[in-house]
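Here's the structure, in structure tokens; my notes come after.
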Amino acid sequence: MAHGVFHKVLGAINLSELDLDVREDRLLWESLYGKTVKGDLECLECREQDPGCPQWMFLRLWKGRPVAVHYSTGRRHPTAPESPRHRALKDRIAQAAESAGYSAELEARAPDGRRRTDVLVHGEQGLQLGCEIQLSWATAPAVAKRSDIARSDGISPLWTTDDTGAPLIERTPWARIDRLPLEAFSGGNPLLVRGGVKELKLKKCDSRNPLPCPDRGYGRCNQWHGTWAPTLGMHLDRLVAVAAAGEYVSLYLPAQAGRRSRASHMWVATQDRDRYLDATSDDVAAGPEPGTVDDHAPARPENRPLPRECSYQQRLDDKELRGSVPRDTGAIVPAGITVPEPRAPRSRRAPLQASPTAGSRNAPVIPQQASAPGSASPRLTPPSPLGDTLLDARRPSRPRADRAAVAARLGCLVEQVGPCASCQDLVQRYGVGGNPLCPGCRAQVEARRTKPRDAAT
């Protein structure tokens, strides 16, 4: 790439002097970027000294800075045919949708020709899931534009990448998998989702928490604070199935000063989304405003001298075309919610209108996959982020007066009284002389233990 280029009408242009925050420079850049054809821009050194060199160039943004790049076989252009890995992953996603009971279209085009979706999945009650595979480099504005077009057509986009530095991460609903060979996609290997799917976790702010209260910055408030943590054990096949079923939805959190340094897109369980909306006072939009590219401020101009060196060989020698700064860090994102105590969420899922072409479908059958070593088995119903709190809330609790009466009868403290693990009657369960079973249940256990020995003698 180069910072100097020759335009057939404007002459030599020093791209390092362009400040995209200045109106004149921005208008010049917008008049050239994406609007030139092969032959409009030339390499300065090739034009002057070596006309036989492939001198034609095109413009692109690199880390927010305008640069010129040679047309070469070392870089895949947007019009280049898709790779075998791309086709294999596309077929894999379509097969996962069909295995779950949904129909899938490959290379689904819009009637107006503005959109071509890699895999369009027709989900429950007219829900449409647009699965896009992006294994090569794509700029953030291009991803945002394609996502805006999909939303305008009533499609929920789901972008899949294998690059931790892909510009699409956190700028559109996304999922990241490992960088695997072609055989892994076509051979049915489990494709673990490493990023893009999160679950809401509530943690009590008490003396057991080593960190101070995130709201006050000191002490403990004895309330519950929420965070978005990466979901473990999710597979791409299952994510496609549950997203088409409406069990998982995309959630957009804009950047907020003091809370989130950048915007965030994530796939979350419907119950986690409802629980978050019940607890937050923020206005949560379905997505960014059309034309918005989050976290994409242009870099400051470098103001270099007009370079005239040819960079064609440098481009051929550059084997790593991906981002150098990882955007998927796997970090836990503060949810910014505080609740007095966990409770079941209110359902916010609105009934969807059935698509005239989708027809009636049975309940989806989620394909069972083998989990990778050390990961949890995939489940259709995600684990509750509240742990056993909700389970304990559903158990019948005894009034303290009953516990006090039992404590007085047994001669122990009220705090040492608890339910029998078998019959749930109140007994002295804790402390010296306590037992998780009442005398009657203990006698039954002892009888079952001694019965085999008596039969043997």
Test item: R220 side-chain N/O and N209 main-chain N/O as donor-acceptor pair under 3.5 Å: yes
Close side-chain approach of P334 to H225, heavy-atom, < 4.5 Å: no
Distance in Å, I133 CD1 paired with L89 CG, rounded so as to fall on 0.5 Å steps: 5.0 Å
Side-chain heavy atoms of V333 within contact of T227, under 4.5 Å: no
Minimum-distance pair of heavy atoms, taken over all atoms of P84 and L182: O-CD1, 3.4 Å
D163 side chain reached by I169 side chain, heavy atoms, under 4.5 Å: no
T231 and W267: CA distance, side-chain angles, deciding distance, side chain to side chain contact (heavy atoms under 4.5 Å, CB included) verdict: CA-CA 10 Å; T231 299; W267 288 94; over 6 Å; no
is_close_aromatic(Y252, H265), centroid dist under 6.0 Å: yes
4.5 Å side-chain heavy-atom contact, L202 and R275: yes
Side chain proximity check, S152 to R114, heavy atoms < 4.5 angstrom: yes
Closest approach of R151 to P173 (non-hydrogen atoms, all atoms of both residues): NH2-CD, 3.5 Å
E107: salt bridge (Lys or Arg N to Asp or Glu O under 4.0 Å) partners, not counting sequence neighbours: K90, R116
Pairing residues for D206 by the salt bridge (Lys or Arg N to Asp or Glu O under 4.0 Å) criterion, not counting sequence neighbours: R208
T270 (side chain) donor-acceptor with G246 (main chain) under 3.5 angstrom: yes
Least distance between heavy atoms, A335 atom then Y276 atom: O-CE1, 3.3 Å
Donor on one side chain, acceptor on other, W159 and S147, under 3.5 Å: yes
Verdict with supporting geometry, D328 and R194, salt bridge (Lys or Arg N to Asp or Glu O under 4.0 Å): CA-CA 9 Å; D328 180 15; R194 301 297 187 179; over 6 Å; no
Distance-minimising heavy-atom pair for V240 and A97: CG1-CB, 4.2 Å
Inter-residue atom distance H235.NE2 - L192.CG, 0.5 Å rounding: 4.5 Å
Rounded distance [0.5 Å steps], CD in E170 versus CG in L168: 10.0 Å
Lys/Arg cation over aromatic Y218: R216, 6.0 Å, 45° cone: yes
Verdict with reasoning, T160 to C131, per side chain to side chain contact (heavy atoms under 4.5 Å, CB included): CA-CA 7 Å; T160 303; C131 301; 5.8 Å; no
Over all atoms of both residues, closest heavy-atom pair of P419 and Q424: CB-OE1, 3.6 Å
Test item: D25 side-chain N/O and D19 main-chain N/O as donor-acceptor pair under 3.5 Å: yes
From CG (L232) to CE (M234), nearest 0.5 Å: 10.5 Å
Minimum heavy-atom distance between L158 and A175, given as atom pair plus value: CD1-CB, 4.2 Å
T161 (side chain) donor-acceptor with Q134 (main chain) under 3.5 angstrom: yes
CA sep, side-chain torsions, deciding dist, call: L180, N189, side chain to side chain contact (heavy atoms under 4.5 Å, CB included): CA-CA 10 Å; L180 300 172; N189 295 46; 5.7 Å; no
Check: L120 and Q128 side chains under 4.5 Å, non-hydrogen atoms: yes
Nearest-0.5 Å distance, OG1 of residue T172 to CD of residue E132: 9.0 Å
Heavy-atom side-chain proximity of F185 to I177 below 4.5 angstrom: yes
CA sep, side-chain torsions, deciding dist, call: V268, V197, side chain to side chain contact (heavy atoms under 4.5 Å, CB included): CA-CA 6 Å; V268 301; V197 184; over 6 Å; no
Residues, nucleotides or ligands: over 12 heavy atoms within 6.0 Å of Q95 CD: no
Side-chain touch I155/R115, heavy atoms, less than 4.5 angstrom: yes
Atom pair NE2/CD of H122 and E105 - distance to nearest 0.5 Å: 3.5 Å
